[in-house]
Protein chains: 2
Amino acid sequence: MGFAETFKALSDPVRRDILVLLKRGRLSAGEIGSHFDMTGATISYHLNILKKAELVFENREKNFIYYELNTSVVEEVMLWLAELKGEKEYVEDK
Amino acid sequence: MGFAETFKALSDPVRRDILVLLKRGRLSAGEIGSHFDMTGATISYHLNILKKAELVFENREKNFIYYELNTSVVEEVMLWLAELKGEKEYVEDK
DNA sequence: TTGGTATTTAGAAATATTTCTAAATACTAT
DNA sequence: ATAGTATTTAGAAATATTTCTAAATACCAA
């Protein structure tokens, strides 16, 4: 949790692109990096931010670290937006 | 449109708080400012970012500028997230 | 153990963001 | 026209973010 972290993570185009890549399935850090014109170190930096925001989780295997999309946090963000929009289920008189 | 701008706008806690305030209805810049411990200039800066992202629109009246939530852009962001999550309606083989 | 591949960490440079103060603009009312 | 209130704009300082290079860690294979 922590919407601040999550929205911040979503605010960078590289990180959103990474998430879109992961939509098709898990990828290693190297495979992710190969889609961008940046060093592995920079990709690692972005992956770390996504991980802290719990938008992805990692899975170590052999010599690789695989990253996977965490859709449950995506869903939490959608709920926040739905409430902002005034979805009936979440509007509470206060 | 322009998700970069929109997500960036949503990434700041002050701006998210402003949007939540506006959920209840339109407010003038001054009324918005009174909820925060910041100068009017800073609030104006944030309102401008929200305006550029089309998350709010303004309405000039008398001596005041009223700001109002634009829920349609909130909805577009939700669609982007829904697609990321893999909602059936938006998944397209590519 | 030695060497190789995958990835991260550290530190620094460039850029962007947030905030302030002071000044400017815009509109109202007298 | 003048004075007053509401808000924005400009410019500067503080802080945060993004990116790189170089070095470190982790793991595998021979």
Side-chain angles (χ1 to χ4, degrees), chain A residues 2-22 24-70 73 77, chain B residues 2-22 24-70 73 77:
Chain A
F3 283 113
E5 257 174 342
T6 310
F7 276 111
K8 212 94 204 206
L10 285 168
S11 76
D12 184 87
V14 173
R15 291 192 291 266
R16 286 196 304 279
D17 286 350
I18 290 173
L19 294 177
V20 170
L21 278 176
L22 291 177
R24 317 281 232 89
R26 72 178 204 167
L27 291 172
S28 71
E31 288 170 325
I32 293 167
S34 75
H35 287 82
F36 298 89
D37 188 20
M38 314 179 130
T39 65
T42 298
I43 296 300
S44 183
Y45 160 79
H46 285 299
L47 287 172
N48 188 246
I49 287 175
L50 289 171
K51 201 167 55 185
K52 282 195 210 146
E54 294 180 280
L55 282 162
V56 303
F57 44 80
E58 67 176 31
N59 226 298
R60 284 154 193 272
E61 207 168 301
K62 283 185 56 187
N63 212 0
F64 300 87
I65 305 180
Y66 287 97
Y67 285 90
E68 201 161 344
L69 191 59
N70 183 2
V73 170
V77 176
Chain B
F3 282 114
E5 257 174 343
T6 311
F7 276 111
K8 211 92 204 209
L10 285 168
S11 75
D12 184 88
V14 172
R15 292 192 290 265
R16 286 196 304 278
D17 285 350
I18 289 174
L19 293 176
V20 170
L21 279 175
L22 291 178
R24 316 279 232 94
R26 70 177 204 165
L27 293 172
S28 71
E31 288 169 326
I32 292 168
S34 75
H35 287 83
F36 298 89
D37 187 19
M38 312 179 134
T39 66
T42 297
I43 296 300
S44 183
Y45 159 80
H46 285 299
L47 288 171
N48 188 246
I49 288 176
L50 288 170
K51 201 167 56 184
K52 283 196 209 145
E54 294 180 280
L55 283 161
V56 303
F57 43 81
E58 66 177 29
N59 228 297
R60 283 154 192 273
E61 207 166 303
K62 283 186 55 187
N63 213 359
F64 300 88
I65 305 180
Y66 288 97
Y67 286 89
E68 200 162 345
L69 192 58
N70 182 3
V73 171
V77 176

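In what follows, chains are A, B, ... by sequence order, proteins preceding strands, each numbered from 1.
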For a quick test of reading the model: is some side-chain N or O of [X] closer than 4.0 Å to OP1 or OP2 of [N]?
{"X": "His46(A)", "N": "dT17(D)", "answer": "no"}
{"X": "Thr39(A)", "N": "dC20(D)", "answer": "yes"}
{"X": "Thr42(A)", "N": "dC20(D)", "answer": "yes"}
{"X": "Tyr67(A)", "N": "dT8(C)", "answer": "yes"}
{"X": "Ser28(A)", "N": "dT7(C)", "answer": "yes"}

Please name the residue in the list Asp12(A), Leu10(A), Leu19(A) that meets the side chain to side chain contact (heavy atoms under 4.5 Å, CB included) test with Leu50(A).
-> Leu19(A)
Of residues 58-66 of chain A, the positions that come close to DNA chain C - non-hydrogen atoms, cut-off under 4.0 Å = Asn63(A), Phe64(A), Ile65(A)
Close side-chain approach of Leu22(B) and Ile32(B), heavy atoms under 4.5 Å | yes
Do Thr6(A) and Glu54(A) touch side chain to side chain, with heavy atoms closer than 4.5 Å?
-> no
May I ask you to say what Gly40(A) touches in the nucleic acid, namely base, sugar-phosphate or nothing, with a heavy-atom cut-off under 4.0 Å?
-> base
Mind checking Asn48(A) for me? I need base, sugar-phosphate or nothing, with any heavy atom below 4.0 Å counting as a touch.
-> nothing
Any residue meeting side chain to side chain contact (heavy atoms under 4.5 Å, CB included) with Ile65(B), in chain and number order, not counting sequence neighbours = Glu58(B), Arg60(B), Tyr67(B)
Residue met sooner reading DNA chain D from 5', once Asp37(A) and Lys8(A) are mapped to nucleotides | Lys8(A)
Nearest-nucleotide wise, let me know which of Ser44(B) and Ala41(A) is further upstream toward the 5' end of DNA chain D.
-> Ser44(B)
Among dT18(D), dT8(C), dT7(C), which nucleotide sits nearest the side chain of Ile49(A)?
-> dT18(D)
Among dT7(D), dT21(D), dT19(D), the nucleotide that comes nearest once only the side chain of Tyr45(A) is considered = dT19(D)
Of all residues at least two apart in sequence or in a different chain, which pass the side chain to side chain donor-acceptor pair (under 3.5 Å) check with Asn70(A)?
-> Ser72(A)
Measure [atom1]/[X] against [atom2]/[N] and give the value in whole Å, please.
{"X": "Ile43(A)", "N": "dT7(C)", "atom1": "CD1", "atom2": "C1'", "result": "12 Å"}
{"X": "Leu47(B)", "N": "dT9(D)", "atom1": "CG", "atom2": "P", "result": "11 Å"}
{"X": "Ile18(A)", "N": "dT19(D)", "atom1": "CD1", "atom2": "C1'", "result": "13 Å"}
{"X": "Glu31(B)", "N": "dT5(D)", "atom1": "CD", "atom2": "C1'", "result": "14 Å"}
{"X": "Glu5(A)", "N": "dT17(D)", "atom1": "CD", "atom2": "P", "result": "11 Å"}
{"X": "Lys51(B)", "N": "dT9(D)", "atom1": "NZ", "atom2": "P", "result": "7 Å"}
{"X": "Asp17(B)", "N": "dT18(C)", "atom1": "CG", "atom2": "C1'", "result": "15 Å"}
{"X": "Asp12(A)", "N": "dA16(D)", "atom1": "CG", "atom2": "P", "result": "18 Å"}

Would you sort out whether His46(A) and Thr42(A) count as a side-chain contact (heavy atoms from CB on, under 4.5 Å), showing the intermediate values?
-> CA-CA 6 Å; His46(A) 285 299; Thr42(A) 298; 3.9 Å; yes
Ser11(B) to Lys8(A) - nearest heavy-atom pair and separation | O-CD, 3.7 Å
State, to 0.1 Å, how close Glu61(A) and Arg26(A) come at their nearest heavy-atom pair, and which atoms those are.
-> OE1-NH1, 3.2 Å
